[in-house]
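Quick note on labels: first sequence line is chain A, next is B, and so on, each numbered from 1.
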Protein chains: 2
Amino acid sequence: MMDQSLSSDLLPVQEAVNPEAIDEAPPAPRSFLDRLFDRGLLIRTGVDGLYGRSGAFESVVEALDRLVSRIGAADGAEALRFPPGMARSSFERSGYLKGFPHLAGTVHSFCGNETDHARLLACLDAGEDWTAKQAATDIVLTPAACYPLYPVAAARGRLPEGGLLFDLQSYCFRHEPSLEPTRMQLFRMREYVRMGTPEQVLAFRELWLERGTTMMRDLGLPLAIDPANDPFFGRAGKMLANNQRAQALKFELNVPVNSEDKPTACLSFNYHQDHFGTTWGIEQADGTTAHTACVGFGLERITLALLRHHGLDLDAWPAEVRAQLFG
Amino acid sequence: MMDQSLSSDLLPVQEAVNPEAIDEAPPAPRSFLDRLFDRGLLIRTGVDGLYGRSGAFESVVEALDRLVSRIGAADGAEALRFPPGMARSSFERSGYLKGFPHLAGTVHSFCGNETDHARLLACLDAGEDWTAKQAATDIVLTPAACYPLYPVAAARGRLPEGGLLFDLQSYCFRHEPSLEPTRMQLFRMREYVRMGTPEQVLAFRELWLERGTTMMRDLGLPLAIDPANDPFFGRAGKMLANNQRAQALKFELNVPVNSEDKPTACLSFNYHQDHFGTTWGIEQADGTTAHTACVGFGLERITLALLRHHGLDLDAWPAEVRAQLFG
């Protein structure tokens with residue numbers, strides 16, 4: 001286990017100066033994102049926060065996914081995998097639009113006839129907006145891996161004694177175009193979700209706070225565990241955020257990736273109290289409302305943290321780190 | 001290698017009758033989709049064609065993905081992985097809206113202020129349409145795994161002598177709600193894409209027609225290779241479809257899954273001629289327009305074909321099939 005403090009040196013952001021160009025004006029410093037593009041680890045699409053991934057990048061994402069599975073294997077979680085979209089009716093009921101209307105992505109489609117189609121193509125040819133002719137479908141992009149789970153769990157009836165534990169992973173969408181590579185619009189989140197009594201779900205969160213910290217230290221990453229809040233919308237959202245912090249409902253495991261000053265939340269540990277239990281009518285064995293908690297792993301964010309701290313050449317990563325991931 | 005003809009028996013659609021209920025009215029036959037729900041292999045979301053997957057279902061999808069990788073390994077394809085959304089500007093240029101406006105899914109988001117938010121929530125509470133307040137983002141759901149690739153390939157400049165070969169996989173969206181489990185709105189497509197001379201890309205397609213047939217026979221699936229066409233929109237689309245067939249541009253490897261009469265395309269082999277080369281300005285080493293071809297594997301469809309022909313209990317699948325997938 002490597003113990004690195006938050007103040008450990010980051011790799012320099014600027015590429016080594018080309019010695020043949022030493023007499024010329026120094027090149028502008030390349031951002032971390034540009035260096036990822038230069039090395040082909042991420043691939044430009046023309047949209048900020050929307051990138052292709054190289055085979056090497058994916059190999060780290062997959063290795064992290066396996067590592068999380070190994071760490072949680074003994075718990076016997078039920079694995080479920082949902083596609084990157086969920087039912088709009090479930091999304092509406094979830095309450096997401098109250099807190100995060102600006103991050104949601106609804107899926108719209110063309111529902112017209114051939115005349116409408118001709119008009120759509122004419123708009124497209126003229127460089128005019130053709131998307132107003134799209135109508136909302138029954139599908140909304142998944143905002144967090146656990147959102148499609150709650151209605152499914154509720155439909156099964158009361159929880160057994162001891163509650164339930166689920167293992168999830170999916171692509172998630174958040175509409176927040178950014179040049180920070182750690183803030184992607186489409187990214188993968190691995191999650192474990194616990195449902196049961198307050199004691200059960202808090203013990204689960206405690207366990208993963210420890211496990212997550214150990215996992216990240218073993219990957220050679222400097223980290224800090226901090227109280228946190230979700231990015232609630234608007235002025236009313238500020239109050240929700242303050243409440244969340246005051247009640248210590250959310251913690252994040254932060255690693256400096258883009259900068260030392262604004263470290264990146266790579267894991268998050270959330271106690272929802274009875275929010276989802278009440279919303280979906282999830283009941284414990286004794287009929288009282290279930291509490292829930294989740295731990296979420298930002299798979300692209302941890303991958304980027306590894307690239308930032310161990311370099312862009314995976315083969316040159318410390319042997320202990322490679323052993324954890326690929327051993 | 002198991003050689004099964006198209007006429008080989010399918011497993012009975014109806015579940016075995018419960019002997020204790022033998023004197024009661026016989027239960028209505030359960031559809032294949034209902035049996036998948038009953039066994040928990042697929043999970044209802046309330047939207048036709050949008051399902052969760054159990055861990056067992058996913059283990060088959062992942063095994064198929066690995067099997068395809070093994071079959072293609074010696075070719076040295078460059079692996080790229082794109083998220084389930086692509087840039088709207090690329091999507092618009094691709095020509096997809098000419099042929100398939102009805103299948104596309106655009107991603108819309110809320111871009112208003114706090115007053116707009118209050119109105120949105122009021123609509124939601126009143127059960128009124130709140131989605132009209134959403135505006136199109138820069139992102140469109142990926143309609144086929146190869147669509148985000150072409151602009152990336154074009155941006156790299158002329159192809160090398162010998163052309164290029166890519167390996168892709170992503171969740172894809174098609175707006176076609178259906179009760180056939182093989183017609184999902186969100187599903188994964190694995191693809192290899194070849195770019196080069198007409199001879200190079202046709203040889204690639206020939207190779208995968210053989211490899212794909214062998215793969216599916218080795219998985220114990222009855223199959224037929226048939227000329228096919230894409231589901232172009234409208235009356236003008238009929239002509240495009242006829243052309244596509246007349247020129248033998250598209251073949252599908254079909255397996256009976258939902259029914260014997262309407263087998264399901266599990267693999268497709270497509271020669272695009274210079275369509276994408278011209279659209280994106282992809283040039284061969286000598287400056288002439290590149291031709292392209294792709295082979296696509298419908299990972300959920302092949303999984304469903306295996307479940308249909310070998311039964312819903314993975315552990316009871318033939319040893320030869322399990323060895324191919326999990327050996």
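- Top candidate by heavy-atom pairs under 4.5 Å with chain A, chosen from B:Ile43, B:Asp138, B:Leu50, is B:Leu50.
- Considering only heavy-atom pairs separated by less than 4.5 Å from chain B, the leading option among A:Val47, A:Thr106, A:Leu186, A:Asp48 is A:Thr106.
- With a 4.5 angstrom heavy-atom cutoff, A:Ile139 touches chain B only via side-chain atoms.
- With chain A as the partner, the residue from B:Arg53, B:Lys98, B:His108 showing the most heavy-atom pairs under 4.5 Å is B:His108.
- B:Val152 touches chain A through its side chain: at least one heavy atom from C-beta onward sits under 4.5 Å away, while N, CA, C and O do not.
- Identified by a heavy-atom distance below 4.5 Å to chain B, the contributing residues of residues 67-85 of chain A are A:Ala79, A:Leu80, A:Arg81, A:Phe82, A:Pro83, A:Pro84, A:Gly85, in residue-number order.
- Contact of A:Pro101 with chain B is made through backbone and side chain together, with heavy-atom distances under 4.5 Å.
- The side-chain hydrogen bond (donor to acceptor under 3.5 Å, both in side chains) analysis of residues 109-121 of chain A, with sequence neighbours excluded, yields the pairs A:Glu114-B:Arg235, A:Asp116-A:Arg119.
- Heavy atoms closer than 4.5 Å to chain B are found in the backbone of A:Met86, but not in its side chain.
- The candidate with the highest count of non-hydrogen atom pairs below 4.5 Å against chain A, out of B:Phe173, B:Phe57, B:Trp130, is B:Trp130.
- Contacts of A:Leu120 with chain B are made by side-chain atoms alone, with heavy-atom separations under 4.5 Å and no backbone atom involved.
- Closest approach of A:Val107 to B:Gly105, counting heavy atoms only: CG1-CA, 4.0 Å.
- Of the residues considered (A:Leu97, A:Val61, A:Thr131), A:Leu97 shows the highest number of contacts with chain B, using heavy-atom pairs under 4.5 Å.
- With a 4.5 Å cut-off on non-hydrogen atoms, A:Ala104 touches chain B through its backbone but not through its side chain.
- Both the backbone and the side chain of A:Glu92 come within contact range of chain B, judged by heavy atoms closer than 4.5 Å.
- When heavy atoms are compared at a cutoff of 4.5 Å, A:Phe233 approaches chain B solely by way of its side chain, counted from C-beta outward.
- Only the backbone of B:Ala236 comes within contact range of chain A, with heavy atoms under 4.5 Å apart.
- To the nearest 0.5 Å, atoms CD (B:Gln134) and CD (A:Gln134) are separated by 13.5 Å.
- In this structure, chain A has a heavy atom under 4.5 Å from the backbone of B:Tyr51, while its side chain stays farther away.
- Looking at B:Phe187, neither its backbone nor its side chain comes within 4.5 Å of chain A, counting heavy atoms on both sides.
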